[in-house]
Amino acid sequence: MTTDRLRPVPAASIAEWHESADVVIAGYGIAGVSAAIEAARSGAQVLILERTSGWGGAAALAGGFVYLGGGTPLQRALGCEDSAENMEKFLLAAVGPGADEAKIADYCRGSLEHYDWLVGNGVPFREALWDEPGWEPPHDEGLAYSGGENAAPFNAVARPAPRGHVPRMSNKRTGEQGGGYMLMKPLAETAEALGVRVSYDVRLSSLIVDGDRVVGVLARRYGREIAVRADLGVVLATGGFAYSEQMVADHAPRLIGRPGAAIEEHDGVGILAATAFGAATAHMDATEVAFFGDPQMMARGILVNGQGQRYVTEDTYPGRIGQATLFHQDNQAYLVIDEQAHEEALATETATPNFRVPPTWAAETVAELEADMGLPERALQTTVELYNTYAAQGRDPLFGKKPEWLRPLTGAVAAFDLRGATAGFPLGGLRTDLDSRVLHVSGAPIPGLFAAGRCTAGICTGGYVSGASLGDGSFYGRRAGRAAAKGEVQ
């Protein structure tokens, strides 16, 4: 991908417009379909350009968490107390430095209406709570903790409330057809019923501009270049840049060699095409980090670094563990667990059975295990002794693990080698306002250009909560569609 291919093209140089619509949307994932629905309902003729041969994008392969709160009908039905202010307090603490306070407040206050919108468009949620440790519910439970809300330090910052809303999916298959598919399917059907047109196998190349306004896109279909005119606005919903080796190296080098939770089409083309026209970006170094450890085992054991020392509360959101490991422990991690805890964990259900592998080392004593692992003498023994002392008292003053998971590690012990057990995707992207207008580096909106989803800097600016991508992608995708249909900068 070269800069020349991405440079904006003057409209005056276009000899023929091959297609046109009021609103042209690049990408048919969660942000694109949400934008299409709202633009169509606003009276605009809508055309989606999708580079693959079908709808869905990364969203259709996701576990399906949509981060919503404030007292949704599902939360209330399950007896979970929440408010927009409580949700906002948690997110401001959890999403990392540089939080966009206005965007987070906007998202939290609009969360109830957004839930109603999803349900009104056919997205089903089952009234059942999954409150066990895990990346996602193993069945079709509709609500779960998905960001460490009920773990230290956040359970002391805001009242814990589960906000991971998962669309109901029978016979789900994680990573193939799960809650994300069930989120996309009814929305795609709604878009079709509204008369939204779709052109598949069309890849965005660059923006077409008239002065300072975006008036269309240049794209390629089966190797042929086509020009598509947008009479009112262009919406970029092209995903992030997890699969652009150059962009990852330039902006988020900690992810080199470890893409995850994305698809190969997330190559940053929308971000590059917009920045070639002067668009601003934000938080390009921020990343989500998945951690390939079994949450049920981690909660019952202890996680130690390369020096045999604990460094994080083990019963928190696995994404937070992943970030702590990759960012602050040089990607070095081991899970230490005793036989009783191991057996208890294996007796539970999980949506990620592939994480349940045999331990790397096993020994009769902690001293033997320490030697087998090659850790400094007495390092792990000291860690376990201190942990056991406090666990016997039902407390963890170092990291705040909840009492329900505290028990001294005794008898035969084992350890899992989790060094390098991380993957992730970038969180940064185009800077947008609350109407999803793409902002120029000057701070002013770029006329005719809108964006939503992973190609933008959303509500997570550093820390992550599962459901934020599908949540703010759909939320601000709707905003983008409505704003684009207006056809002018307000």
Side-chain angles (χ1 to χ4, degrees), residues 3 5-14 17 19-29 31-32 34-36 38-39 42 44-51 100 103 202-219 226-241 268-282 284 428-458 472-473 475-490:
T3 302
R5 286 180 59 190
L6 292 161
R7 294 174 191 258
V9 176
S13 68
I14 302 298
W17 294 99
E19 294 197 59
S20 67
D22 294 331
V23 175
V24 174
I25 300 169
Y28 201 177
S34 301
E38 293 295 76
S42 297
Q45 293 181 324
V46 182
L47 171 64
I48 299 176
L49 307 177
E50 166 55 40
R51 64 188 292 176
D100 188 329
K103 188 167 282 188
V202 178
R203 185 183 187 280
L204 174 71
S205 298
S206 57
L207 302 177
I208 299 174
V209 300
D210 185 1
D212 66 351
R213 184 178 185 86
V214 174
V215 296
V217 300
L218 208 61
I226 62 171
V228 183
R229 188 178 72 243
D231 294 329
L232 297 178
V234 168
V235 177
L236 298 176
T238 50
F241 60 93
V269 64
I271 298 171
L272 293 175
T275 55
F277 192 48
T281 58
M284 294 289 282
L430 298 171
R431 187 182 290 277
T432 55
D433 65 10
L434 300 186
D435 287 316
S436 298
R437 299 177 297 184
V438 176
L439 302 179
H440 188 265
V441 291
S442 67
I446 296 176
L449 186 61
F450 308 84
R454 278 272 59 88
C455 68
T456 69
D472 75 27
F475 187 91
Y476 286 106
R478 295 175 59 201
R479 292 280 180 86
R482 290 200 300 267
K486 292 180 181 178
E488 60 183 28
V489 176
Q490 299 298 306

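Residue indices begin at 1 and follow the sequence shown. It should be emphasised that the depicted structure is a prediction, and the values quoted were computed from it without experimental measurement.
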So, for [X] and [Y], which heavy atoms are closest and what is the spacing to 0.1 Å?
X      : Y      : result
Ala282 : Ala457 : O-CB, 3.6 Å
Ala279 : Val438 : CB-CG1, 3.6 Å
Ala237 : Ala31  : CB-CB, 3.9 Å
Ala276 : Pro8   : O-CD, 3.5 Å
Val9   : Ser13  : CG1-OG, 3.2 Å
Leu207 : Ala274 : CD1-CA, 4.0 Å

[atom1]-[atom2] distance between [X] and [Y], expressed to the nearest 0.5 angstrom:
X      : Y      : atom1 : atom2 : answer
Leu449 : Arg213 : CG    : CZ    : 10.0 Å
Leu47  : Ser20  : CG    : OG    : 8.5 Å
Asp231 : Gln45  : CG    : CD    : 8.5 Å
Thr281 : Phe241 : OG1   : CZ    : 9.0 Å
Ile25  : Ile48  : CD1   : CD1   : 5.0 Å
Arg7   : Leu218 : CZ    : CG    : 14.5 Å

Checklist entry - How far apart are the C-alpha atoms of Arg479 and Leu434, what are their side-chain angles, what is the distance that settles it, and do they pass the side-chain contact (heavy atoms from CB on, under 4.5 Å) test? => result CA-CA 8 Å; Arg479 292 280 180 86; Leu434 300 186; 4.1 Å; yes

Next on the checklist: Go through it in stages, so that I can follow the logic: the residues are Ile271 and Met284, the test is side-chain contact (heavy atoms from CB on, under 4.5 Å), and I'd like the CA-CA distance, side-chain angles, deciding distance and then a yes or no.
Outcome noted: CA-CA 11 Å; Ile271 298 171; Met284 294 289 282; 4.3 Å; yes

Checklist entry - Sequence neighbours excluded, which residues qualify as ring-ring contact (aromatic ring centres under 6.0 Å, His included) partners of Tyr476? => result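 For Tyr476, no residue satisfies ring-ring contact (aromatic ring centres under 6.0 Å, His included) once neighbours in sequence are set aside.
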
Checklist entry - Do Arg51 and Val269 touch side chain to side chain, with heavy atoms closer than 4.5 Å? => result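 Side-chain contact under 4.5 Å: yes.
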
Next on the checklist: For Val24, run the side chain to side chain contact (heavy atoms under 4.5 Å, CB included) check against Leu236, Val46, Val215, Leu49 and tell me which one passes.
Outcome noted: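 Of the listed options, the one satisfying the test is Leu49.
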
Checklist entry - Any sub-3.5 Å donor-acceptor pair from Asp433's side-chain atoms to Asp435's backbone N or O? => result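 Looks like yes, one N/O pair under 3.5 Å.
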
Checklist entry - Taking Ser42 for the side chain and Glu38 for the main chain, is one N or O donor matched with an acceptor at less than 3.5 Å? => result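 It does hold such a pair.
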
